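First the proteins, then the strands, lettered A, B, ... as listed; each starts at 1. Quick caveat, the model's predicted, so the values are computed rather than measured.
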There are 2 protein chains.
Amino acid sequence: MKHLPHKTIERLSQYRRALLLCLEKGKTHIYSHEIAKIQHITAVQVRRDLMLIGYTGTLRKGYNVKELIDLIGNIIDSEEGINVTIIGMGNLGRALINYFAGKRSKLRIVAGFDTNPDKIGNTMSGVPCHSIEQLKEVVAAEDIKVGIMTVPADYAVDTAELLVKAGIKGILNYTPKPVNVPEGVYLEEYDMITSLEKVAFYVKLQETD
Amino acid sequence: MKHLPHKTIERLSQYRRALLLCLEKGKTHIYSHEIAKIQHITAVQVRRDLMLIGYTGTLRKGYNVKELIDLIGNIIDSEEGINVTIIGMGNLGRALINYFAGKRSKLRIVAGFDTNPDKIGNTMSGVPCHSIEQLKEVVAAEDIKVGIMTVPADYAVDTAELLVKAGIKGILNYTPKPVNVPEGVYLEEYDMITSLEKVAFYVKLQETD
DNA sequence: GTAAAAGTGTTAAAAATTTAACATTGTTAA
DNA sequence: TTAACAATGTTAAATTTTTAACACTTTTAC
């Protein structure tokens with residue numbers, strides 16, 4: 001398979017999540033327009049994405065939920081799984097851990113880090129909290145590839161640097177401060193304020209129409 | 001001004017955040033390539049966005065930080081400001097409140113809601129926590145326009161419905177479960193699992209190159 | 001048993017977004 | 001004072017992403 005569009009990757013992850021819920025409900029097949037409705041997109045787009053990954057459904061029956069879940073897994077998961085760490089065990093860090101607990105077998109949050117001595121040494125929802133001093137050792141020992149940053153904004157830049165030095169290959173930055181990473185490290189940034197401002201903007205726009 | 005591209009709106013919010021930091025540092029002017037570097041985009045894109053909002057910098061001097069901040073504010077903020085509520089005062093809800101505290105004068109988190117009796121009646125970082133039963137009354141009384149959903153996934157659909165019935169005009173859904181809203185309500189959904197899966201995917205991809 | 005309906009899969013067109021190209025103009029330096 | 005430089009502003013091209021169009025096939029209804 002050639003490379004999939006950026007947006008398709010995101011949607012595949014979302015399709016899988018929707019499919020897992022369907023599976024729980026005992027649904028064995030699903031139509032493109034059903035997936036589309038859940039995700040607020042069009043059925044064409046769903047079919048096109050599935051075409052891109054080479055999955056073919058059954059005419060008039062739709063797609064086999066289980067098969068499709070497995071196929072998406074083959075594409076986006078890595079076979080051995082990936083170990084993840086959370087830097088910053090504040091509210092957001094803990095929210096992520098709870099959110100995640102046992103959700104994806106191929107993505108394991110295996111360690112957390114903080115600077116607060118009261119937290120260090122404890123375990124939160126099954127995730128041990130280490131001192132940030134230990135970052136490099138733990139990352140190496142646990143073969144951690146991805147780091148999620150949930151530290152206060154003022155520590156963002158330094159934390160990113162530490163992560164890179166520790167050998168992390170991907171960073172998900174939830175602080176409101178953009179950071180820089182060298183070539184070879186994948187960086188994804190998300191800022192909650194921007195999302196909220198966007199919602200507020202479109203609400204305002206709707207009112208003034 | 002005609003309508004701005006979706007993506008430009010997002011970037012304007014981000015530019016402003018970067019500019020506010022520059023202002024704090026005492027910087028009065030900034031070049032397009034400096035903004036670009038911070039946001040990991042190209043200078044052309046910055047200039048193009050600013051062109052779209054009709055801002056014109058000084059040749060060889062760059063853009064006036066303060067002016068630009070104000071102009072972006074005129075565009076994305078609403079004059080009177082918008083009141084916001086958070087539904088679900090768990091870790092994520094509290095993280096957002098702290099994150100936000102006093103950051104944007106035009107976006108005010110004026111109320112939180114929960115079902116847990118231990119939380120109801122308390123104030124967290126200056127935000128009072130009400131019972132979800134009171135949603136409609138409080139939304140009306142406080143003129144709340146936007147709701148942020150940080151409830152457990154199982155309550156997502158019901159919560160969205162409550163918000164819509166209460167007269168909310170925009171929803172930011174942080175639960176992993178997509179919800180539906182009627183015409184006239186702006187919906188933005190963000191799923192942290194998808195972001196993490198995306199990072200993991202590109203890390204895997206880089207390794208197998 | 002045949003026509004209509006309801007799906008899928010795919011190619012082509014359209015729309016949105018990003019990037020390139022370049023004209024323009026203050027500023028600096030010889 | 002004039003040439004080189006370094007920035008902006010804008011039009012045009014390229015790329016990415018979405019949507020439309022439609023051929024095809026199984027099922028359903030009569």
Side-chain angles (χ1 to χ4, degrees), chain A residues 1-15 18-19 22 27-68 71-72 75 188-189 194 198 201-202 205, chain B residues 1-15 18-19 22 27-68 71-72 75 188-189 194 198 201-202 205:
Chain A
M1 190 182 322
K2 47 191 170 280
H3 30 314
L4 298 165
H6 219 257
K7 288 290 176 78
T8 295
I9 296 298
E10 288 182 13
R11 282 193 297 262
L12 287 174
S13 162
Q14 288 164 359
Y15 296 164
L19 291 166
C22 291
K27 219 166 149 62
T28 62
H29 287 77
I30 192 167
Y31 297 127
S32 61
H33 66 258
E34 293 178 294
I35 300 178
K37 177 124 192 254
I38 297 172
Q39 300 300 144
H40 314 115
I41 55 178
T42 67
V44 185
Q45 191 155 64
V46 174
R47 293 207 300 275
R48 214 175 183 299
D49 285 334
L50 299 191
M51 185 191 92
L52 292 174
I53 64 173
Y55 184 64
T56 148
T58 316
L59 198 49
R60 284 292 285 221
K61 280 278 153 81
Y63 304 97
N64 182 304
V65 174
K66 204 160 172 345
E67 275 179 20
L68 189 45
L71 178 57
I72 293 176
I75 292 164
E188 172 97 9
E189 307 200 302
T194 290
K198 192 169 145 198
F201 173 79
Y202 284 109
L205 203 65
Chain B
M1 187 181 322
K2 48 188 169 282
H3 32 315
L4 298 165
H6 219 255
K7 288 288 176 79
T8 295
I9 296 297
E10 287 181 13
R11 282 192 299 262
L12 287 174
S13 162
Q14 288 163 0
Y15 297 163
L19 290 167
C22 292
K27 219 168 149 64
T28 62
H29 288 76
I30 191 166
Y31 298 126
S32 60
H33 66 257
E34 292 178 296
I35 300 178
K37 176 122 191 257
I38 297 172
Q39 300 300 144
H40 314 114
I41 56 178
T42 67
V44 185
Q45 191 154 65
V46 174
R47 293 207 300 277
R48 215 177 182 297
D49 285 334
L50 299 190
M51 184 193 92
L52 291 175
I53 65 173
Y55 184 65
T56 148
T58 316
L59 198 47
R60 281 294 281 223
K61 281 276 152 80
Y63 304 96
N64 181 304
V65 174
K66 204 160 169 346
E67 275 178 20
L68 190 45
L71 177 57
I72 293 177
I75 291 164
E188 172 96 8
E189 307 199 302
T194 289
K198 192 170 147 197
F201 173 79
Y202 284 108
L205 203 64

Could you go over nucleotides 2-6 of chain C and give all protein N or O partners under 3.5 Å, atom names and distances?
unit_1, atom_1, unit_2, atom_2, d
C:dA5, N3, A:Arg60, NH1, 3.1
C:dA6, O4', A:Arg60, NH1, 2.5
C:dA6, N3, A:Arg60, NH1, 3.2

Which pairs with one or both residues in residues 52-68 of chain A pass salt bridge (charged side-chain N to carboxylate O under 4.0 Å, His left out), sequence neighbours excluded?
-> A:Lys66-A:Asp70
Of all pairs that satisfy salt bridge (charged side-chain N to carboxylate O under 4.0 Å, His left out), the ones with a partner from residues 28-56 of chain A, not counting sequence neighbours =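 Every salt bridge (charged side-chain N to carboxylate O under 4.0 Å, His left out) pair that includes a residue of residues 28-56 of chain A, provided the two are not neighbours, is A:Arg11-A:Asp49, A:Lys27-A:Glu34.
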Report the distance from atom [atom1] of [X] to atom [atom2] of [N], rounded to the nearest whole Å.
X	N	atom1	atom2	result
B:Gln39	C:dT18	CD	C1'	16 Å
B:Leu52	D:dT8	CG	C1'	15 Å
A:His29	D:dT27	NE2	P	11 Å
B:Lys61	D:dC5	NZ	C1'	15 Å
A:Ile35	C:dG7	CD1	C1'	13 Å
A:Ile41	D:dT19	CD1	P	9 Å
A:His40	D:dT18	NE2	C1'	18 Å
A:Ile30	C:dT8	CD1	C1'	15 Å

For A:Glu188, check salt bridge (Lys or Arg N to Asp or Glu O under 4.0 Å) against everything at least two apart and list the hits.
-> B:Lys198
Using the test ring-ring contact (aromatic ring centres under 6.0 Å, His included), find all partners of A:Phe201 that sit at least two apart in sequence or belong to another chain.
->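 Result, ring-ring contact (aromatic ring centres under 6.0 Å, His included) vs A:Phe201: none returned.
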Quick one: ring-ring contact (aromatic ring centres under 6.0 Å, His included) partners of B:His40, sequence neighbours excluded?
-> none
Parallel, tilted or perpendicular: which fits the ring planes of B:Tyr202 and A:His6, with parallel below 30° and perpendicular above 60°?
-> parallel
For A:Thr194, all residues meeting side chain to side chain donor-acceptor pair (under 3.5 Å), sequence neighbours excluded | A:Asp191, B:Ser13
Protein proximity profile, nucleotides 9-17 of chain C - base contact B, sugar-phosphate-only contact S, no contact -, cut-off 4.0 Å on heavy atoms | BBBB----S
Only one of A:Leu71, A:Thr28, A:Leu50 forms a side chain to side chain contact (heavy atoms under 4.5 Å, CB included) with A:Tyr63, so which one is it?
-> A:Leu50
Scan B:Thr8 against the nucleic acid and name what it touches under 4.0 Å (heavy atoms): base, sugar-phosphate only, or nothing.
->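 Result for B:Thr8 = nothing.
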List for me each residue that meets side chain to side chain contact (heavy atoms under 4.5 Å, CB included) alongside B:Thr42, sequence neighbours excluded, and say none if there are none.
-> B:Val44, B:Gln45
